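It should be emphasised that the depicted structure is a prediction, and the values quoted were computed from it without experimental measurement. Residue numbers begin at 1 in each chain, while the letters A, B, ... track the order of the sequences.
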Amino acid sequence: MKKFIAIAAVSAAVFLIAVGSAFAGAQRETGATASSGKVSFSFWHLDTADDQKAYWQGLADAYMKDHPNVTINITVLENEAFKSKIATLMQSGDPPDLFRNWGGGVMIEYAKAGLLRDITSFVKGTEWGKTMAPGVIAVYSYDGKQYGMPYDMGAVTFWYNKDMLASAGYTTFPNTWSGFVTMASKLKSTGVIPVSLAEGDKWPGMFWWAYLAMRIGGRPAFDNIISGQGKFTAQPFVEAGQKLVELTKAGAFQEGFLGTKQADGAALVGNGKAAMELMGQWGPTTEAQNAVNKTGIGDALGTAPFPMVEGGAGASTDALGGGNGYAVGKNAPDAAVDFLKFITAEPANAKYASMGYIIPTAKGADSGLSDPKMKLVKSIVDKAGYFQLYLDQYYSPAVGGAINDAVQQIFAGTMSPAQAAASVQQAYDSNQ
Amino acid sequence: MQGSTTPTAQLRRRQAKFFTLLLLIGPAFVVFTLLIIVPVIQAAEYSLFKWNGLGPLTQFNGLRNFTLLLRDLIFQKALLHNLLIIVFSLLVELPLALLLALIVRRGTFKLAVFFRTFFFLPFVLSEVITGVLWSYIYNPQYGLINSIIHLFAPGSTGIAPLGSPTSVFWAVLVVIIWKYFGLHMTIYIAGLQGIPVELEEAARIDGASNGQVTRLIVLPLLATTIQITIFFSIIGSLQIFDLIWAMGRGDPVNGAETMVTYLYKYGFQRFNMGYGSSVAVAIFVICLAFSVVYQRLLLRGERE
């Protein structure tokens, strides 16, 4: 019996110690400086493809070789796992030092909560700040302060099948909306799906609504909302919805497009079933990855900017887009900021561009782009007098979510364009 | 030492008992408290604030989250979907499972063993894999169902069960029933095997028909098992998430929204942790109320 008590006591003690140390472990080692001049920081990304992982690892290794006192701890997580892990870390007030971020509304929430480091002094008026277009840098700033930097920034364009357009009698992509609608019905009569739309994921439809509103109302329509002088119920946003209703009624989209996921939508273009999709710079890659032949439609793929709306206030060069970058956590050491500068600089950026994954942000890095279609996307970004970040990232997550929901309702016909616009405004008002 | 009644021995025995209790209950108690009780209390606290999940709780909101929630049409829709899933589980899934269990319970015909395994297979698949699988089956361009349709009606446009706000719920419901009836069937088979064969034999000697044996002998003896499957089925229906998420996140246009997908979307994804917590509290209260009432009313007989 005595022996049993002893075992029980020891087990209980071990158990309590285990629980205790688990708590201690939860209080993470801070990624800051030690007295010996050694610096370590954490670096989180979500690129799980082998060559992409090797790219980031290679950059970290090169940096650590040049800076022997610096240790970079890389964490790689798959997209969804990354997002939920980051959300947890943010709620515990303990962000990684350098982590993948898309700028805009979510970053602003983090910045407001004091979870990000202000790196304005490293960027504003410095050599680093001059390596990128101001509109591109602005995606990672809020209230005049910089919290991160991008390495990839592309525009949303049409990715279309030249052969299918040719069969419908088109050698060039129409540059007006009415021309576009006409083309959609001509394409339909040739027996193909005119447009693939992955509205099951909602954000692909947001691209359409946003671009139409930009073409109709121009920059002022969006600026007025921020300044409070205008609302989402204004004519450009309602008219954008009306144009989408017309296009839907004309049967431009595939059967069941309300439930189509992005991969399946891309597959329709990649397998030569649909003539086009409106998609970001990753369009060709996802089309190829999801195609049966794993290469997509190859040289038959063309790209074109979103057409003008007749009588609209927007410029044809205005662009909707977004990309990838890194935000800087509140406890990040200077070395982390310096590393960010290193990975967004021209040599690294050009190399990544040459791998076909990104539209580079650094000046001169487009030398890495070999595909003329990617060069066109890059030139659209560079020429954009008004560069609008994807609406669901630009606004807070609550407003962005409301926009995506409202657009889906327009496509489904469960809300009129005016009702949808009003629901967005309501979400915007209650979020202020 | 055994049988000794000296005070020290008694004390020692009491100590031993205490340590045994600590050892046996301790780990489960600590884990349960940390992972269940504490989060529930925290969620109740968060639900009273307007909070985006970042930083301290500052904007006390009283019960406003709850009034918003109860008035929200999408939440009402989600709740309705949960109730419909319960209704169809009880009226379709469980009777189907019971019927099949009665057919395949004894290895009287050769295929019985095969069917027992076969019907259980859907339950073995994870929710997410099931969702992805059925998304393919339903796919309007490449899916199995449409391939069959095209075989018989070439050139038809096909159907998109997951692509319409009116059909998506029913499409998902089919998958729910397909996935879970096997579990309930297996529980019934286990229950049926606990019924002594002698009882049925005696009834047959007395001239009872198959139907009478089932109605008067088998089903009454299976009552507790049925009560438990009803309980599991309702709780499962109230909490359903993964399957629906994998088949289109409760959309298009909230067509298959349930309370938990609603919580995830409007709470977590939109950085409304306070509001999301109020949804969580509502789900918790509904589940708890149901459990308590059900245990009191139906499972009482078992204990007495």
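Interatomic distance, A:Thr260 OG1 to B:Leu162 CG, rounded to the nearest 0.5 Å: 9.5 Å. In this structure, CG in B:Asn52 is found 9.0 Å from CD in A:Gln91, a value given to the nearest 0.5 Å.
Proximity to chain B is limited to the side chain of A:Lys273, based on heavy atoms less than 4.5 angstrom apart. The part of B:Pro140 that comes within reach of chain A is its side chain, from C-beta onward, which places non-hydrogen atoms under 4.5 angstrom from that chain. With a 4.5 Å cut-off on non-hydrogen atoms, B:Asn146 does not touch chain A at all. Only the side chain of B:Tyr266 comes within less than 4.5 Å of a heavy atom in chain A; its backbone stays farther off. Using a 4.5 Å cut-off between heavy atoms, A:Tyr110 contacts chain B through both its backbone and its side chain. Residue contact with chain A, scored on non-hydrogen atoms closer than 4.5 Å, involves the backbone of B:Gln269 exclusively. For A:Lys202, the part lying near chain B is the side chain, with the backbone staying farther off; criterion is any non-hydrogen pair under 4.5 Å. Contacts between B:Phe18 and chain A at a heavy-atom distance below 4.5 Å are absent for every atom of the residue. Only the backbone of A:Ser430 comes within less than 4.5 Å of a heavy atom in chain B; its side chain stays farther off.
Residues that satisfy the side chain to side chain donor-acceptor pair (under 3.5 Å) test with B:Glu127, not counting sequence neighbours, are B:Tyr180. Take B:Thr261 and apply the side chain to side chain contact (heavy atoms under 4.5 Å, CB included) test, not counting sequence neighbours, and it matches B:Phe241, B:Ile244, B:Trp245, B:Glu257, B:Thr258.
Between A:Leu258 and B:Gly163, the shortest heavy-atom distance links the atoms CB-O, 3.2 Å. B:Ala160 and A:Gly256 get closest at one heavy-atom pair: CB-CA, 3.3 Å.
Per-residue counts of heavy-atom pairs under 4.5 Å with chain B were compared for A:Gly200, A:Gly259, A:Gly105; the largest is that of A:Gly259. The choice from B:Val253, B:Asn254, B:Asn272 that makes the most heavy-atom pairs within less than 4.5 Å of chain A is B:Val253.
Contacts of residues 262-272 of chain A with chain B at a heavy-atom distance below 4.5 Å involve A:Asp264, A:Ala267, A:Leu268, A:Asn271, listed in sequence order. Residues of residues 58-80 of chain B having a heavy atom under 4.5 Å from any heavy atom of chain A: none.
No more than 12 heavy atoms of other residues, nucleotides or ligands sit less than 6.0 Å from atom CZ of B:Phe29. Enclosure of atom NZ in A:Lys294 by more than 12 non-hydrogen atoms of other residues, nucleotides or ligands within 6.0 angstrom is indicated.
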